[in-house]
There are 2 protein chains.
Amino acid sequence: MSLNAYFKKTKGRDAVIKILQSEDAPVDAAHIYEHLVKKHVSINQATLYRILDFFTDQGMIDRFEFQEGKQRFEIVRGDHHHLICEMCGCIEDIEDCNIKDLEKDITKKKKFLVKRHSLEFYGVCQSCQR
Amino acid sequence: MSLNAYFKKTKGRDAVIKILQSEDAPVDAAHIYEHLVKKHVSINQATLYRILDFFTDQGMIDRFEFQEGKQRFEIVRGDHHHLICEMCGCIEDIEDCNIKDLEKDITKKKKFLVKRHSLEFYGVCQSCQR
DNA sequence: CTGAGTGCAAAGGCTTTGCAAACCA
DNA sequence: TGGTTTGCAAAGCCTTTGCACTCAG
């Protein structure tokens with residue numbers, strides 16, 4: 001791997017990135033796999049995980065864990081957070097939370113160098129409230 | 001189980017709660033298990049998980065997942081968050097973050113009823129910075 | 001051509017389950 | 001006693017690994 005993050009194009013990688021680009025919330029490996037099958041892109045499960053690792057290392061996708069015992073992946077977007085419904089399990093992105101100030105505070109007070117943060121709100125989504 | 005959260009006392013439950021009370025950051029099941037062995041409290045691994053489920057349901061302990069592929073448990077404390085070092089994996093509690101306002105905003109704007117939130121900061125702890 | 005990427009099959013880590021035995025109130 | 005809790009062993013789920021084969025560049 002050269003320094004400028006050059007990498008080989010393969011049908012698997014192409015398809016996975018396209019799927020992730022079409023999603024607007026983090027999805028799990030099984031979800032991606034189903035989409036691959038629908039698109040008639042046959043790749044092995046192990047390969048899928050390797051592709052996901054690869055893009056995560058490249059900084060192209062983010063990896064999350066929402067207390068479900070599995071990982072979720074999302075194309076890297078700006079600073080944003082998630083709303084997770086405890087009734088139906090749906091997950092929604094939410095933008096523009098100002099946590100940066102908090103990070104600065106922490107670095108100052110705790111001498112902990114904050115690289116990134118993860119903020120999730122658990123509750124009940126609009127349709128489950130009815 | 002009656003309504004007032006009454007429950008039976010057993011040596012396993014006692015020991016698990018005591019261990020969690022002595023910790024100041026979330027620990028995983030294996031960590032608790034080791035402590036049980038040290039204390040010569042022999043309980044089965046399956047039982048440990050059942051005890052942890054039980055106390056979580058009772059609202060006495062919190063369950064977290066910090067992108068490690070496993071759960072962590074902590075005695076319920078007030079609103080607080082976590083600093084997770086990506087170098088050594090150490091986890092520290094941090095108090096007094098004012099996310100409540102954000103929650104109100106979300107409920108208003110998104111019609112999402114926020115029950116709780118989870119906020120973790122990933123970075124480098126003080127000793128790993130040296 | 002040649003290293004990077006893949007498929008296959010198997011194992012791995014963590015957690016859960018079924019069922020019978022043991023236990024607390 | 002009677003329902004709760006436990007132990008044991010096995011399975012479950014998600015993910016990772018080793019190795020040989022294939023492919024992109």
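Lettering follows sequence order; numbering is per chain, from 1. Remember, predicted model here, so these are calculated numbers, not experimental data.
With dT15(C), dT6(D), dA25(C) as the candidates, the nucleotide lying closest to the side chain of Arg13(B) is dT6(D). When distances run from any side-chain atom of Lys11(B) to the nucleotides dC14(C), dG7(D), dC14(D), the shortest one goes to dG7(D).
Taking hydrophobic clusters as Ile, Leu, Val, Met, Phe, Trp and Tyr residues chained together by side-chain heavy-atom distances below 4.5 Å, Val76(B) does not share a cluster with Val16(B).
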Tell me, with the steps shown, if Glu103(B) and His117(B) meet side-chain hydrogen bond (donor to acceptor under 3.5 Å, both in side chains).
-> CA-CA 9 Å; Glu103(B) 290 193 3; His117(B) 64 259; 2.5 Å; yes
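Using a 4.0 Å heavy-atom criterion, one finds that Gly69(B) contacts the sugar-phosphate atoms exclusively.
Between Arg72(B) atom CZ and dC14(C) atom P the separation is 11 Å, expressed in whole Å. In this structure, Ile43(B) places its CD1 atom 15 Å from P of dC23(C), rounding to the nearest Å. For Lys9(B) and dA25(C), the NZ to C1' distance is 14 Å, given to the nearest whole Å.
Using bins of under 30°, 30° to 60° and over 60° for the plane-to-plane angle, the ring pair Phe64(A)/His80(A) lands in the perpendicular bin.
Within the cation-pi definition used here (under 6.0 Å to the ring centroid, within 45° of the axis), Arg72(B) does not qualify as a partner of Phe66(B). Both tests pass for Arg116(B) against the ring of Tyr122(A): distance under 6.0 Å to the centre and angle within 45° of the axis.
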Check nucleotides 16-21 of chain D for protein N or O atoms closer than 3.5 Å to its own N or O atoms and list the pairs.
from	atom 1	to	atom 2	distance (Å)
dG18(D)	O6	Arg50(A)	NH1	3.3

